[in-house]
Amino acid sequence: MTFELFIFYVFSAVTLFSAVGVVTARNPVYAALFLILAFFTSAATWVLLEAEFLGVVLVLVYVGAVMVLFLFVIMMLDINIDTLKEGFTRYMPIGILVAVAVAAEMILVMKSKTFDRPIPEAAPLDSSNTEAIGEILYTEYVYPFEIAAVILVVAIIAAIALTLRRREGVKKQDQGAQIRTRKEDRLRIVKMKTEAKQGER
Amino acid sequence: MFMSFTTATLIPMQFAIPDFAPAIPEIFLLAGTCLVLLVDLFLKDSNRYITYLLSQTVLLITAYLVISGINDVSMAEALQTTGKASLTTFSEMFVLDPMSQVLKVSILLITVGVFVYSRPYLKTRQMFKGEYFTLGMFAVLGMMIMVSAKTMLVIYLGLELLSLAMYAMVAFRRNDGRASEAGMKYFVLGAIASGMLLYGMSIIYGVTGSLHLDHIDSFMMGHNVMTNMGLLLGLSFVLVGLGFKLGVVPFHMWVPDVYDGSPTAVTLFLGTAPKIAAFAMMFRLLVEGLDEMLLGWQQILSLLAALSLFIGNVVAIAQTNIKRMLAYSTISHMGFVLLGILAGTEVGYASSMFYIITYSIVAMGAFGIIILLSRDGYEADRLIDLQGLSSRHPWYAFMMMLFLFSMAGVPPTVGFYAKLSVLKAVVGAEVVWLAVFAVVMSVIGAYYYLRAIKLMYFDQPDEFVGDEELLVPAKSGFDFKLLLSVNGLSVLALGILPGALMSLCVLAVEASL
């Protein structure tokens, strides 16, 4: 066993372990942390495949941005685990049936050697993974790339359309009114008689 | 897999700028939608009709561009060099062929009709906002991308673009619990379906080494595909995903709830144009990509079709809500569309295509009538609301009768011819038991369509309802009434003279294969 293979097995084992942890952990925060671990080890596997850029992006985007938001949401939602687990035993037989069927299918596929494709040669050491992706993304795959951009626009519009509310009576600042304000609105000049100091008379 | 990036593609400066001409309608629609989005920001609520008119203009110009887009010279060149009347661009990811043109024009025109029907509905319910139109146009863009897709990647992306816009539209009425519930259900089940489809695609990619449908097809020609476990598993997952999106049994659970829960204007959209796109997706994936596995998907589809015909028609009898009834009727109609596909012949594909286009036209009219009869705070979506419609609005009752007859498959409406041609194709493919079963189920289905007609024509409105509001003539704009009449009469005209559309479908399928 080469050292590379050894590292691959270690990271794969940790990925599998943490992926199982995501679904079995009782506490949703632990589940999210397990997911982060799974992302980290998958990123390591990608780096082993010489896909450094994808590995780095996985950590930056998923761990750095998406999962942090996830954790925020989980902590703010105050999820009641007991209600989530309700009906678990009732649906378990069906769940087990489906899981066994899918697992059996997958094992059959894996055993039938359908994925026996020639392993591509490793790239020379000086080739840049980032450059290659950039080149293919903006030339050959420019059409799907643009569609993905449109999907993101739709996601923004949908999110705004579904959540933006203009409620009446909300006490928030109106910057326009604040800037337009004049001296007379804020200042009241009160004329008062001068009072004599005590004990002067 | 990722290493192939680094080895195969490090050959810079060999890239030619793609030919944008075949994709001009899509590009125009995207630019137009963004324009509408921007203009809408600066409009007051009272000027919202400008958004509406602008959206309609963009859709109509796009339809014109699709029709005129066929450049005879380049098409003839393509015909000479490749033997196919189709143009590809964007690294062969985008295809322009007669089939995609016919389907795109149908999608665009039906969406124009949908917008006309939904305007009064949205207006009276304070939902007349720009987002409905922009999201609808983005959904249309997604459909057009699906129709013209030549790789599984683009099919998936188009589907996501369509679905994402639809999820938001279903949940558009935020304060309504049922609409939110419908949106949630649609979103969760749709996401699962997308995941299934993607998983199947990834397995097929793993086995064949390509996402391009033609390459997949040519890979399969040299292999014994029916014993290849990987491809069979991939095919089953793709079929599960397709089944969800089409709404066929046993993946139909979301259809009645979503149809019932979402605002009628959205149900109208959901039940018409996306069905055409789903047909195109199925055609591209199964017929163009996985053609060599015909025997595999034929069996699965015949089971799905038989179940859909059975469940759809039988359960619809028990419904008292028109929207739910039409949802179950959609399920049974999708069964018919599957029948045409599983025949596996050019005639079958063409009749399926004819069926889906005419069904969309009919469903649009039926939902249009529901919108016409309902008013603010009152949804005329119960069957009882149709009672005595003939004495209140004889013309609309006649139109509704045409739509219901067409769905039931009564001559001389178009539904009869559509069903007949599908059945002929099925018998031609020697799957006679399925054709007989479909006929029996259609007869059962005719019961609930005829019951609605009986309510309209032979029952008096004041017997049960006693609702004064129902007796008030429905108020709607001139455009609404005109379109509804054209819609109803086209169902009749297409039924009497189906030849033109049918031959168009046959030509489109022949040219694409």
Side-chain angles (χ1 to χ4, degrees), chain A residues 45-55 102 105-124 127-133 135-165, chain B residues 1-12 14-18 23 30 33-34 37 89-91 93-94 129-132 134-135 138-139 141-142 145 151 153-154 156-158 160-161 164-165 167-169 171-172 174 180 183 203 206-207 209 227-234 236-237:
Chain A
T45 321
W46 277 3
V47 172
L48 273 181
L49 277 170
E50 298 182 27
E52 302 89 3
F53 177 74
L54 291 178
V102 173
E105 282 172 4
M106 282 176 164
I107 290 166
L108 274 176
V109 171
M110 291 301 161
K111 282 182 80 176
S112 68
K113 310 231 172 200
T114 43
F115 297 111
D116 257 356
R117 301 188 64 74
I119 298 168
E121 271 180 42
S127 70
S128 160
N129 182 254
T130 318
E131 207 180 312
I133 291 179
E135 224 160 62
I136 202 169
L137 204 56
Y138 292 101
T139 54
E140 202 180 324
Y141 284 88
V142 68
Y143 181 54
F145 184 71
E146 293 295 331
I147 301 171
V150 178
I151 292 178
L152 287 181
V153 173
V154 173
I156 295 171
I157 299 170
I160 293 174
L162 290 182
T163 53
L164 182 73
R165 295 161 197 264
Chain B
M1 198 194 315
F2 291 107
M3 274 183 262
S4 61
F5 274 122
T6 47
T7 48
T9 55
L10 267 185
I11 323 156
Q14 286 193 340
F15 174 73
I17 297 289
L30 176 61
T33 311
C34 292
L37 194 63
T89 181
F90 291 119
S91 325
M93 290 188 182
F94 179 99
K129 301 213 179 79
E131 284 87 1
Y132 177 86
T134 42
L135 285 175
F138 274 121
L141 182 65
I145 287 169
T151 77
L153 178 64
V154 174
Y156 178 74
L157 285 171
E160 282 307 285
L161 181 56
L164 207 57
Y167 301 146
M169 284 174 87
F172 198 54
R174 295 180 307 207
S180 308
I203 291 175
V207 177
T227 54
N228 189 320
M229 280 304 292
L231 284 178
L232 286 176
L233 187 74
S236 354
F237 272 96

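Since the model is a prediction, treat every value here as computed from it, not as a measurement.
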Output the option from [options] having the highest count of non-hydrogen pairs under 4.5 Å with chain A.
options                      : answer
B/Met169, B/Glu160, B/Met93  : B/Met93
B/Thr89, B/Ile17, B/Leu157   : B/Leu157
B/Ala139, B/Gly209, B/Ala171 : B/Gly209

Which heavy-atom pair separates [X] from [Y] by the least distance, and what is that distance?
X        : Y        : result
B/Arg174 : B/Ser180 : O-OG, 3.5 Å
B/Ala23  : B/Phe90  : CB-CE1, 3.8 Å
B/Leu135 : B/Ala168 : CD1-CB, 3.8 Å
A/Leu54  : A/Asn129 : N-OD1, 4.2 Å
A/Trp46  : A/Gly55  : CE3-N, 3.9 Å

Per-residue contact mode, [X] against chain A (heavy atom under 4.5 angstrom):
X        : answer
B/Ile203 : both
B/Ile145 : both
B/Leu153 : side chain
B/Leu37  : side chain

inquiry  = Taking side chain as everything from C-beta outward and backbone as N, CA, C, O, which of these in A/Val142 sits under 4.5 Å from a heavy atom of chain B? Side chain, backbone, both or neither.
reply    = side chain

Chain B contact via A/Ile147 - side chain, backbone, both or neither, heavy atoms under 4.5 Å =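 Side chain of A/Ile147 only, per the 4.5 Å heavy-atom cut-off to chain B.
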
query = Picking from A/Thr163, A/Val153, A/Val154, which has the most non-hydrogen pairs under 4.5 angstrom with chain B?
reply = A/Val154

task = Look at A/Ile157, A/Leu108, A/Ile160 and state which one has the largest set of heavy-atom pairs under 4.5 Å with chain B.
result = A/Ile157

ask   = So how far is it from B/Met229 CE to A/Glu105 CD, rounded to the nearest 0.5 Å?
value = 7.0 Å

ask   = Rounded to the nearest 0.5 Å, what separation is found between the CD atom of A/Glu146 and the CG atom of B/Leu30?
value =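 Reported value, rounded in 0.5 Å steps: 8.5 Å.
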
inquiry  = Can you tell me how the ring of A/Phe145 sits relative to the ring of A/Tyr138, calling it parallel under 30°, perpendicular over 60° and tilted otherwise?
reply    =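 Because their plane-to-plane angle is over 60°, the rings of A/Phe145 and A/Tyr138 count as perpendicular.
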
